[in-house]
There are 2 protein chains.
Amino acid sequence: MVEAPRNTRQRRAVVAILEDLDGFASAQEIHDILKKRGESVGLSTVYRSLQVLADAAEVDALRNDDGEVLYRQCSAGHHHHLVCRSCGRTVEVEGPTVERWADKIAEENGFQDVAHTLEIFGTCNSCASARA
Amino acid sequence: MVEAPRNTRQRRAVVAILEDLDGFASAQEIHDILKKRGESVGLSTVYRSLQVLADAAEVDALRNDDGEVLYRQCSAGHHHHLVCRSCGRTVEVEGPTVERWADKIAEENGFQDVAHTLEIFGTCNSCASARA
DNA sequence: CAAGTAGTTGGGAATCATTGTCAAATGACC
DNA sequence: GGTCATTTGACAATGATTCCCAACTACTTG
Ligand SMILES: [Zn+2]
Ligand SMILES: [Zn+2]
Ligand SMILES: [Zn+2]
Ligand SMILES: [Zn+2]
C-alpha cells in the first residue's frame, strides 16, 4: 500500500509558483522566485517536488537547447508546445495527424514501446519587438 | 577570411567511427570505441570534433532521455529519427506534413526564428526479442 | 493534546557530461 | 627543413542534477 504524499508548505509553494507562471521555467528559476517571495524552499526540495509532479503527469517537462529541464503546469492530455526561447512563454498545441504519423512510422519499422518528443521553439512577438 | 580546418589524424579517426556506426552514439562511446581500436584520441578532442561536425551539419545531434547528446552521420537535408532507446539503431524519417504544420502553428502565434525538434523513440525488434 | 512514526526537508557533498586552459605537438605552406 | 597558426590532450573547472543523512514535521492514534 502506497502512502499518500504529505501536504507540506514547500510542495504547496512550488505548486503555487507553477500556477502563477504561464511559461516553462527551470528548477533553479523556480527556486529563485520562491526566494524572492520570501517563501524559501531548499533547492533539493524544489527538484524533488518537480520530479514528483512530473512523474504524476501534473506538469510537463522538456529540455531547452542548453540541456536544462524546464517545467510547466499544463492542461491534461497529450499535447506539444510552442515555446519562446527567450521568455519561456508557451502555447499548447495539438497535432492529431502527427500522432498518427509517428505511430505508423514506428510500427512500419517494428519498433515497440514508442514515444515521441515534438517541440517548436521560436521568438514570441513581444520578445521580438523588445529586441528591435 | 576563415582558415580551412586541418586534416588531422584525430579528426579523421572520429569521422571514420561515425561512418562505421549506423546508430546514434555519445561522445564518450565514440571515445571508447577509438580506444578499443587502438587509435586513441583525447576525450576533449572527440568532443571538439563532434561539435565542429555538428556545426557544419555533417552530423546530427539529439539528446536522449538522460540528457546526453548523441551524434550520428546522417544523410543531408532536414529529417527526423526513429531511434532505438537500447541500441541506438536509427531510421531516418521524413514528414512533410509535420513541417508545414509546425510552421503554420508558429506563424499563427506570431513566433519568429522557428525551429522544431521531433524524434521518435522505441525499442527495435532485435532488442525486443533479445529482452524476451 | 501528547507521543510515535514515517515521509520530508535542506544544505553540502558527490556525480557526471561537457567545456575551459594552456603548454606541447603538428599540419600547411614556403 | 623552418615558420606559425591551428590542434591536441591531460587536467581543472563548470554547472545542472542527484545523493546523503541528520534534523524536522505532517499525519495517526490514544
Ligand atoms: Zn518571449
Ligand atoms: Zn504527440
Ligand atoms: Zn535496438
Ligand atoms: Zn522537421
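Chain naming here is simple, since letters A, B, ... match the order of the sequence lines and numbering starts at 1 in each. For clarity, every value in this text was computed on a predicted model and none was experimentally measured.
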Over how many whole Å does the gap from B:Ile30 atom CD1 to C:dA17 atom P extend?
14 Å
B:Ala16: partners by side chain to side chain contact (heavy atoms under 4.5 Å, CB included), with sequence neighbours left out
none
With a 3.5 Å cut-off and heavy atoms only, can you find an N or O donor on one side and an acceptor on the other between the side chain of B:Ser26 and the base of C:dA17?
no
Given atom CD of A:Glu68 and atom P of D:dT18, what is their separation to the nearest angstrom?
13 Å
Are any of the side-chain heavy atoms of A:His79 and A:Asp60 separated by less than 4.5 Å?
yes
Sugar-phosphate atoms are those with a prime plus P, OP1 and OP2; base atoms are the rest. Using that split, label each nucleotide of nucleotides 25-30 of chain C B, S or - for protein heavy atoms under 4.0 Å, 5' to 3'.
-BBS--
Please state whether the phosphate of C:dT18, meaning OP1 or OP2, lies under 4.0 angstrom from any side-chain nitrogen or oxygen of B:Tyr47.
yes
In whole Å, I'd like the distance from the CG atom of A:Leu34 to the P atom of C:dG11.
13 Å
Can you confirm whether B:Gln112 is buried at CD, in the sense that more than 12 heavy atoms of other residues, nucleotides or ligands lie under 6.0 Å from that atom?
yes
I need the CG-C1' distance between A:Asp66 and D:dA16, as an integer number of Å.
11 Å
Determine yes or no for a side-chain-to-main-chain donor-acceptor pair under 3.5 angstrom, with A:Glu92 supplying the side chain and A:Ser75 the backbone.
yes
In this structure, CG of B:Leu82 is separated from NE2 of A:His116 (nearest 0.5 Å) by 12.5 Å
Over 12 non-hydrogen atoms of neighbours within 6.0 angstrom of CD in A:Glu108
yes
To the nearest 10°, give me the bend of the helix from C:dC1-D:dG30 to C:dC30-D:dG1, comparing the axes of its five terminal pairs at either end.
30°
Quiz item: A:Ser44 side-chain donor-acceptor pair to C:dG11 base, under 3.5 Å
yes
Using a 4.0 Å heavy-atom cut-off across all strands, classify A:Arg11 as base, sugar-phosphate, or nothing.
sugar-phosphate
Report the distance from atom NE2 of B:His31 to atom OG1 of B:Thr45, rounding to the nearest 0.5 Å.
8.5 Å
Specify the separation, in whole Å, of atom CG of B:Leu50 and atom P of D:dT8.
12 Å
Send over the distance from B:Leu43 CG to D:dA12 P, rounded to a whole Å.
15 Å
For the pair made of CG in B:Asn64 and P in C:dC16, what is the distance, rounded to whole Å?
15 Å
Whole-Å distance, A:His31 NE2 to D:dT17 C1', equals 14 Å
Where do A:Val15 and A:Gln73 come nearest, in terms of heavy atoms and distance?
CG1-NE2, 4.4 Å
Kindly indicate, with the supporting measurements, whether the criterion side-chain hydrogen bond (donor to acceptor under 3.5 Å, both in side chains) is fulfilled by A:Asn7 and A:Arg12.
CA-CA 7 Å; A:Asn7 178 15; A:Arg12 264 179 278 126; 2.9 Å; yes
Would you say the side chain of A:Arg48 and the base of C:dG10 hold a donor-acceptor pair, judged only by whether the two atoms sit under 3.5 Å apart?
yes
Distance check: side-chain N/O of A:Gln28 vs OP1/OP2 of D:dG15, anything under 4.0 Å?
no
